[in-house]
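Okay, structure first, notes after.
Atoms within each ligand, like the ligands themselves, are counted from 1 in listed order.
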Amino acid sequence: MTFDNYNDFVWSDGKLNSTSITITRTKKHKPHPSDDELRFGSSFTDHMFCMDYNESNGWHDPRIVPYQPLILDPATAVLHYAQSVFDGLKVYRCQDGIIRFFRATKHAERLNRSCKYLCIPTIDSEMIIQSFHALVSIDQTWIPSKRGTALYLRPTVIASEAFLGVHSAKTYTYFLILSPVGSYYEEGISPVKIMATDTYVRAVKGGLGAAKTAANYAASIFASEDAKKFGCNQVLWLDGIEHRYLDEIGTMNVMMKIKDEIITPPLNGAILDGVTRDSILTLCRDLGIKVSERRISIEEVMTAAHSGALNEMWGTGTAVVVLSIGELRYKNDKVIINGGKPGAFMQKLYDMIVSIQYGDIKDCHNWMSVLQTLK
Ligand code: COI
């Protein structure tokens, strides 16, 4: 292992501050998967970023180390009570050869909002952004270049205190890992089949639904396995009180086009404030399309589908970007949306966002930020 120091590096905009990130480089580089064989989240780069928190030092000891297992006491709070948050964002090798993050600041801000829901001490957003740049900079050869691929960043915070009482832990670890990724679903962007459930609930208003926290994903697993038994890929979550109003799809935000209007559930405290959701809504507004963030019931959706007014339906998320929904089931009813094919409007949105991400078209909203490379 070799040791050097983050302060040894000069960043291209000269902006970096006095924070010192210790860097321990691996001596054993792993083989890179080829762009063609990339799936989601199964291979990881050579290094990871870690930082710890305790009451006397706050967040301290930022470091980049070879990718390695975490050593946790079996009594560590996160293993028992799931006091943890994460986020997920992507960095792209753009067609001009420049490496750019998509909406890194928004993801860092959301990580901190998630921390607040879980009583986890927030991290200076600038420090989070620096961890992104420093780690990606070191492992930048891992960024794939094929269209549809990216390097996925997974910043995570866990309660690291070994204590079995239920309380807000006194110590935490922030870590960041990187994974070169292709499509989230094996089907790629082919339309998926979904099943609306009034039996299972992902989250309720007043709970943790708006936080990106492990518990929400754990709560989704039973229902999504159940949906698979019925030949569906995912669950359409309805609200946790009346079991009527749409919340999310699988691990994504949900949107639809009914006549000429784009409708998506409002940020009601039970659903995630998706970065892709926000980006897609912004693009719709740029196109002059009417966007309604409003409650929509499953009955309204099924009625619109039967009358032919529901033209398209899709999910949005960082992992999938946009995912078309070809079939929707609810109780004994089943509708095929847009002949089971990806809709033209959704495809246009997908093409627009991907063109911004890969630098083909002008990034009018300044969503992309250039990787600050080490000189
Ligand atoms: C995303 O769409 O990025 C997600 O949050 C899904 C992820 C948990 C795999």
task = Kindly indicate whether a cation-pi arrangement holds for Arg295 with Tyr245, taking the cut-offs as under 6.0 Å to the six-membered ring centre and within 45° of the axis.
result = yes

request  = Using distance alone, with no hydrogens and no angle criterion, decide if Arg154 and Ser179 have a side-chain donor and acceptor under 3.5 Å apart.
outcome  = no

key: Under 4.0 Å from ligand 1, counting heavy atoms only: the protein residues, by chain and number   = Phe40, Arg154, Tyr184, Lys212, Tyr217, Thr251, Gly317, Thr318, Ala319

message = For a quick check under 3.5 Å, do Asp52 and Tyr172 share a side-chain donor-acceptor pair by atom type?
response = no

message = Does any part of the side chain of Ile337, heavy atoms only, come nearer than 4.5 Å to the side chain of Leu328, both counted from C-beta?
response = yes

Arg147 to Tyr358, cation-pi by 6.0 Å centre distance and 45° axis angle = yes

inquiry  = Ring centres under 6.0 Å, that's the criterion: do Tyr217 and Phe86 meet it?
reply    = yes

